[in-house]
2 protein chains.
Amino acid sequence: MDALEAIRGRGLRLTPQRRLVYAALEEHVGHATADQLCSAISLKVPGFQRTTVYRTLDLLVELGLARRVQLGHASAYEAVRDGSDLHQHLVCEVCGSTTDIRVPQLLEGVRTATAQIGFDLEQVELVGHGRCRPCASARSLA
Amino acid sequence: MDALEAIRGRGLRLTPQRRLVYAALEEHVGHATADQLCSAISLKVPGFQRTTVYRTLDLLVELGLARRVQLGHASAYEAVRDGSDLHQHLVCEVCGSTTDIRVPQLLEGVRTATAQIGFDLEQVELVGHGRCRPCASARSLA
DNA sequence: TTATATGCAAAGCCTTTGCAGAATT
DNA sequence: AATTCTGCAAAGGCTTTGCATATAA
């Protein structure tokens with residue numbers, strides 16, 4: 001909950017709603033869509049607004065407390081934990097599941113390429129598409 | 001135009017509309033949104049339907065004649081040229097421009113990581129966010 | 001001739017915006 | 001007390017779908 005103090009540090013307000021969104025994000029395993037978070041919170045606080053979730057997520061991303069991942073058309077979010085847990089995402093085209101992977105030297109490689117053209121890199125997002133192990137196995141049996 | 005014969009190869013029909021969409025995609029420099037393509041085609045064929053553009057793009061992607069790139073919320077498309085011109089994209093957060101980059105060994109790195117977990121990788125999409133050279137310069141002056 | 005594709009209209013997601021009332025500092 | 005936030009409703013992009021008509025093969 002300490003992380004949220006960053007909100008006050010910005011001169012903004014630490015409201016119950018913001019706590020709820022951040023808590024839901026931390027509790028959620030893997031990535032969560034705004035809608036999933038809203039549903040989860042609604043169990044405790046009926047009528048919780050999607051609008052508020054979106055606004056809060058924007059704020060959390062801006063503060064570096066959450067990361068936004070573009071999976072397909074919709075955005076997914078995940079809490080940024082301590083220690084740079086930089087990872088990328090794999091999406092299974094068959095079952096839609098997502099998996100985390102770490103690609104060593106990815107950042108270095110991209111930095112080298114961007115440095116050459118004077119692009120000031122802030123974030124790298126990589127999404128791989130294919131078939132997860134279970135779905136790949138199922139296919140090879142067919 | 002040979003590439004389009006792949007459509008017939010699938011037992012599907014090579015219509016004037018499909019030719020138009022593919023031609024527009026090839027002529028377009030850089031990435032094109034469905035809407036941009038539709039506008040371009042509409043200059044020659046007034047009233048050309050966005051619906052048709054979307055349906056055709058889906059088909060072209062499926063046939064490997066086009067590549068879909070998720071830039072922000074909207075999709076952008078580019079023709080797949082001969083010779084693997086695999087590249088990735090940088091998006092400037094200030095002016096919204098996109099730039100192509102090539103990241104050597106990117107594919108190898110990702111393949112290594114996916115092979116370890118048995119994920120059958122088909123495509124890799126990387127998007128970098130930051131500031132393009134002009135915008136970065138403008139900022140450092142401020 | 002027969003299945004496929006297009007045009008059009010409508011609906012569907014996901015997300016953002018405007019504004020009045022509520023709540024934090 | 002002053003400013004920021006929330007809830008609600010509405011609109012806004014982008015994309016998909018349904019169905020009758022037109023068209024490629």
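All values derive from a computational prediction rather than experimental measurement.
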Could [X] and [Y] be called an ion pair, given the rule that one side-chain N must be under 4.0 Å from one carboxylate O?
X: A/Glu108; Y: A/Arg111; answer: no
X: B/Glu62; Y: B/Arg10; answer: yes
X: B/Arg68; Y: B/Asp58; answer: yes
X: A/Arg67; Y: A/Glu125; answer: no

Given DNA chain D, 5'-ward residue of the pair B/Gln70 and A/Ile7, judged by closest heavy atom:
A/Ile7
Over the length of the helix from C/dT1-D/dA25 to C/dT25-D/dA1, how much do the five-pair end axes diverge, rounded to 10 degrees?
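Here the local axes at opposite ends form an angle of 40°.
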Within residues 32-57 of chain B, residues whose heavy atoms come under 4.0 Å of DNA chain C:
B/Gly47, B/Gln49, B/Thr51, B/Thr52, B/Arg55
Does A/Arg13 contact D/dT4 through a side-chain donor or acceptor facing the base, at a distance under 3.5 Å?
yes
Check whether the side chain of B/Arg8 and the base of D/dA25 form a donor-acceptor pair under 3.5 Å.
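A donor-acceptor contact between them is absent.
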According to the interplanar angle, ranging from 0 to 90°, do the rings of B/His31 and B/His87 count as parallel (below 30°), tilted (30 to 60°) or perpendicular (above 60°)?
tilted
Whole-Å distance between [N] [atom2] and [X] [atom1]?
X: B/Gln17; N: C/dC8; atom1: CD; atom2: P; result: 11 Å
X: B/Arg19; N: D/dT23; atom1: CZ; atom2: C1'; result: 14 Å
X: A/Arg10; N: D/dC5; atom1: CZ; atom2: P; result: 11 Å
X: A/His73; N: D/dT16; atom1: NE2; atom2: P; result: 5 Å
X: B/Arg18; N: D/dT23; atom1: CZ; atom2: P; result: 15 Å

OP1 or OP2 of D/dT15 under 4.0 Å from side-chain N/O of B/Ser75:
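Yes, B/Ser75 has a side-chain N/O under 4.0 Å of OP1/OP2 on D/dT15.
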